[in-house]
Peer 1: 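Would you mind keeping the following structure in view while I ask a few things?
For ligands, and for the atoms within them, numbers begin at 1 and follow the listed sequence. FYI, the numbering just counts along the sequence from 1. No experiment lies behind these values; they were computed from the predicted model shown. Worth knowing before you read on, the calculation uses all heavy atoms, side chains too, and leaves out hydrogens, waters and symmetry mates.
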Amino acid sequence: MNLAGKTAIVTGASSGIGAATVRKLREAGVRVAGGARRVDRLEADVSLELDVTDESSAAAFVEQALTELGGVDILFNNAGLALGRYPFTESTLADEETVLHTNVDGVLRMTRLTLPHIRDGGHILFTGSVAGRQAYQNAASYVASKFGLRGFAYALREDLLGRPIRITTVDAGLVESEFSLVRYRWDEQAASAVYEGVDPVTPDEIADCVMFALTRPLHVNVDEIVVKALAQSSGARVVRRESL
Ligand code: NAP
């Protein structure tokens with residue numbers, strides 16, 4: 001399917017997978033409204049501040065994006081984060097709220113606000129995770145959030161069945177972005193150790209998966225894409241070069 005002339009909303013567009021997807025969408029002739037809290041980092045056709053955890057911020061973002069784009073065909077629910085790697089016995093209310101409010105509530109909110117405006121032939125996509133398919137240790141809130149997101153995508157597919165709107169989840173494994181910096185609260189050593197001895201997937205390679213799903217013929221719904229580094233079989237199991 002040719003995407004030229006279509007319009008898209010991308011959340012979490014200031015970094016990593018979101019920023020890479022904005023670039024590829026624009027290259028394909030899509031006009032994109034990108035949102036994130038760090039508005040200065042956005043490089044979209046329409047760059048707007050967005051906090052997906054905040055109803056009024058999200059509502060203002062969607063309203064402005066729709067006005068500027070003149071309607072929307074694609075919603076990419078990508079904003080998300082993990083915080084820390086610790087056993088659940090050490091969990092804090094603050095971390096649980098941030099992770100669940102961003103990765104679950106934020107996705108439901110953005111979908112609820114945008115869905116009434118998505119044109120026929122439209123597409124809703126989610127960035128899920130291998131953490132939403134198989135639990136790994138010391139990541140309970142993140143695992144719960146990504147299982148929750150996958151449940152929502154399945155439920156939405158049921159509710160929209162019969163309407164010309166496609167739904168795709170891209171479940172990613174290790175992707176080198178700011179994800180680990182955020183998770184380890186900008187401890188660069190801890191963050192870079194995550195990718196040591198592995199060739200991680202790049203944000204561009206995840207964006208390619210998004211573009212693949214978007215460009216299938218309209219009658220083809222790519223439900224799920226699971227993509228991991230070759231050296232990773234699950235969130236818990238990564239083979240690093242020094243241990244080979
Ligand atoms: P990233 O480089 O840290 O990007 C995360 C994006 O989410 C940023 O643009 C950030 O923007 C945005 N964001 C976070 N909280 C937000 C909020 N409250 N409101 C609006 N935007 C918010 O990490 P990434 O790897 O590209 O992550 C994108 C998605 O991929 C996430 O859903 C993540 O869970 C998922 N994922 C990542 C990996 C991985 O290994 N990297 C693996 C599987 C899944 P601001 O901070 O500017 O708001």
Peer 1: Spell out, as yes or no, whether a donor-acceptor pair under 3.5 Å connects the side chain of Thr11 to the backbone of Asn78.
Peer 2: yes
Peer 1: Should Ile17 be counted as touching ligand 1, given the test is an N or O pair under 3.5 Å?
Peer 2: yes
Peer 1: Is the closest heavy atom of Ala20 to ligand 1 under 4.0 Å?
Peer 2: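 Flag not set, Ala20 not near ligand 1.
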Peer 1: Using a plain distance cutoff, I'd like to know if Ala172 has any nitrogen or oxygen under 3.5 Å from a nitrogen or oxygen of ligand 1.
Peer 2: no
Peer 1: Using 4.0 Å as the upper bound for N to carboxylate O, is an ion pair formed by Arg37 and Asp51?
Peer 2: no
Peer 1: Where the closest heavy atom to atom 5 (C) of ligand 1 is concerned, which of Gly80, Gly16, Gly18, Ala79 has it?
Peer 2: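 Checking each option, the heavy atom nearest atom 5 (C) of ligand 1 is found in Gly80.
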Peer 1: May I ask which of Ser129, Gly173, Ser177, Gly106 has a heavy atom nearer to atom 38 (C) of ligand 1 than the others do?
Peer 2: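 Going through Ser129, Gly173, Ser177, Gly106 one by one, Gly173 has the nearest heavy atom to atom 38 (C) of ligand 1.
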Peer 1: Where the side chain of Arg166 meets the backbone of Val222, is there a donor-acceptor pair that is under 3.5 Å apart?
Peer 2: no
Peer 1: Closest by any non-hydrogen atom to atom 41 (N) of ligand 1: pick that one out of Val130, Val175, Val39, Leu50.
Peer 2: Val175
Peer 1: Among Val201, Thr127, Asp40, Asn77, which one has a heavy atom closest to atom 30 (O) of ligand 1?
Peer 2: Thr127
Peer 1: Salt bridge between Arg241 and Asp199, side-chain N to carboxylate O under 4.0 Å?
Peer 2: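 Answer for the salt bridge query: yes.
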Peer 1: Salt bridge or not between Lys146 and Asp171? Use side-chain N to carboxylate O under 4.0 Å.
Peer 2: no
Peer 1: Below a 4.0 angstrom heavy-atom separation, can you tell me which part of Thr11, side chain or backbone, both or neither, approaches ligand 1?
Peer 2: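 Within the 4.0 Å criterion, Thr11 makes no contact with ligand 1.
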Peer 1: May I ask you to check whether Tyr142 has an N/O atom sitting below 3.5 Å from an N/O atom of ligand 1?
Peer 2: yes
Peer 1: Looking at ligand 1, does any of its N/O atoms fall within less than 3.5 Å of an N/O of Gly12?
Peer 2: yes
Peer 1: Can you tell which part of Lys146 has a heavy atom less than 4.0 Å from ligand 1: side chain, backbone, both or neither?
Peer 2: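 The answer is the side chain.
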Peer 1: Does an N or O from Tyr195, backbone or side chain, lie closer than 3.5 Å to an N or O of ligand 1?
Peer 2: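 No - when backbone and side-chain N and O of Tyr195 are compared with those of ligand 1, no distance drops under 3.5 Å.
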Peer 1: Between Ser192 and Gln189, is there a donor-acceptor pair closer than 3.5 Å when you use the side chain of the first and the backbone of the second?
Peer 2: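 Confirmed, Ser192 side chain pairs with Gln189 backbone.
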Peer 1: Please say whether Arg38 places an N or O atom under 3.5 Å from an N or O atom belonging to ligand 1.
Peer 2: yes
Peer 1: Could you pull out all residues at least two apart from Tyr142 that satisfy ring pair (Phe, Tyr, Trp, His ring centres under 6.0 Å)?
Peer 2: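 Partners of Tyr142 by the ring pair (Phe, Tyr, Trp, His ring centres under 6.0 Å) criterion, ordered by chain and then number, come out as Phe179.
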Peer 1: Using heavy atoms and a 4.0 Å limit, tell me yes or no: is Ala13 in contact with ligand 1?
Peer 2: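 Within the 4.0 Å threshold, so yes.
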Peer 1: Using a 4.0 Å heavy-atom cut-off, say whether Thr102 meets ligand 1 through its side chain, its backbone, both or neither.
Peer 2: side chain
Peer 1: Keeping Arg26 on the side-chain end and Glu43 on the backbone end, is there a donor-acceptor pair under 3.5 Å?
Peer 2: yes
Peer 1: Between Glu55 and Arg112 (salt bridge meaning N to carboxylate O under 4.0 Å), is one present in this structure?
Peer 2: yes
Peer 1: Are the charged groups of Arg185 and Asp95 less than 4.0 angstrom apart, N to O?
Peer 2: yes
